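Below is one structure, written out as structure tokens, with a few remarks after it.
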Amino acid sequence: MDKILSSFIVFEGLDGAGTTTQIRNLARYYEFNRREYYLTAEPTDNPIGQLVRKVLQKKIVTTPEALALLYAADRHDHIFSESHGLLRMSEEGRIVISDRYFYSSIAYQSVECDPSFILSINRFPLPQVIVFIDTPVDVCMERIEKRGGEKELFDRASFLSKVRDNYLEAFSSLPEGVSLITIDGALSEEEVESRIRRELSALSL
Ligand code: TYD
């Protein structure tokens, strides 16, 4: 079985699900309790992650498979880099929180690519905890509309509903040792926040 990185918490959800807000709230809570943590996100701000963002903004046009490989390359660097990799950080015992991880690739890239190809390029160490904020597609679409700005590549209701199905399938067969916390994202921000805290503290996180 793939290695599990202890104290590695990843947040997953559809665009507009509220993961970024909830990560910020959790970070504030850890701050308050003087817990050491490291906050990160995928796609990263490193050069490969920046390339991914250009594809999302439609400044670079490529194939879905090439984009999937870019996400995986960005992730490999994110985990294994000698200078800034999460692997070492987790092994040093720090709480690491990531806004998205390879489950995003399984959910999003499998809509347009062969799912077995996506799985094969995403053999990465497993997180200890996945926080899945399960927000209904129509609520996500409303939030995306409200944000305004240019729509990104994956901001379509029909697409997001396939992404949700893929998430649910991936989470239905998680290996032992990986904890899944699913929170109804239609609840208020405060309620989502307190449920996440409660579930994490039950895991001593
Ligand atoms: P997101 O975290 O939503 O970025 P932003 O801060 O711009 O809201 O991620 C950007 C998009 O990339 C989002 O639509 C989800 C998608 N994505 C994938 O399709 N595959 C992946 O592996 C990752 C990490 C993200």
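This structure is a prediction, so every number in the text was calculated from the model and none was measured. Numbers for residues simply follow the sequence, beginning at 1. Ligands are counted one by one from 1 in listed order, and the atoms in each one are counted from 1 as well.
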Which of the atoms in ligand 1, numbered in the order shown and given with their element, are less than 4.0 Å from a heavy-atom of D15? 3 (O), 13 (C), 14 (O)

Donor-acceptor side-chain pairing of R100 and Y108 below 3.5 angstrom: yes

Kindly confirm or rule out an N or O of Y71 lying under 3.5 angstrom from an N or O of ligand 1. yes

Output the list of atoms in ligand 1 that are nearer than 4.0 Å to some heavy atom of L56, sorted by atom number. 10 (C), 11 (C), 12 (O)

Is atom 14 (O) of ligand 1 touching the protein, meaning some protein heavy atom lies under 4.0 Å away? yes

Does the distance from a Lys or Arg side-chain N to an Asp or Glu carboxylate O, for D134 and R164, drop under 4.0 Å? yes

Examine R75 against ligand 1 and note whether any of their N/O atoms are separated by less than 3.5 Å. yes

Can a salt bridge be assigned to the pair E199 and R195 using a cut-off of 4.0 Å between side-chain N and carboxylate O? no

Indicate yes or no: does an N/O atom of Y108 lie under 3.5 Å from an N/O atom of ligand 1? no

Can you list everything that forms a ring-ring contact (aromatic ring centres under 6.0 Å, His included) with H84? Sequence neighbours excluded, please. none

Tabulate below the donor-acceptor pairs under 3.5 Å that side-chain atoms of residues 33-40 make, not counting sequence neighbours, or state none.
from	atom 1	to	atom 2	distance (Å)
N33	ND2	Y29	O	2.9
Y37	OH	E31	OE1	2.5
T40	OG1	H78	NE2	2.7

Can you confirm whether Y30 sits close enough to I95 that some side-chain heavy atom of one is under 4.5 Å from a side-chain heavy atom of the other? yes

Could you tell me whether R28 and E193 have a side-chain N and a carboxylate O separated by less than 4.0 Å? no

Among non-hydrogen protein atoms, atom 8 (O) of ligand 1 lies closest to R147 NH1, 4.6 Å

Under 4.0 Å from ligand 1, counting heavy atoms only, is it the side chain of R100, its backbone, both or neither? side chain

Among all protein heavy atoms in this structure, tell me which lies nearest to atom 7 (O) of ligand 1, with the distance rounded to 0.1 Å. R53 NH1, 3.2 Å

Can a salt bridge be assigned to the pair K146 and E142 using a cut-off of 4.0 Å between side-chain N and carboxylate O? no

Do any nitrogen or oxygen atoms of S105 come within less than 3.5 Å of a nitrogen or oxygen of ligand 1? yes

Got the closest protein heavy atom to atom 20 (N) of ligand 1, with its distance? Q109 OE1, 2.7 Å

Within the 4.0 Å heavy-atom cut-off, what T20 brings close to ligand 1 is neither

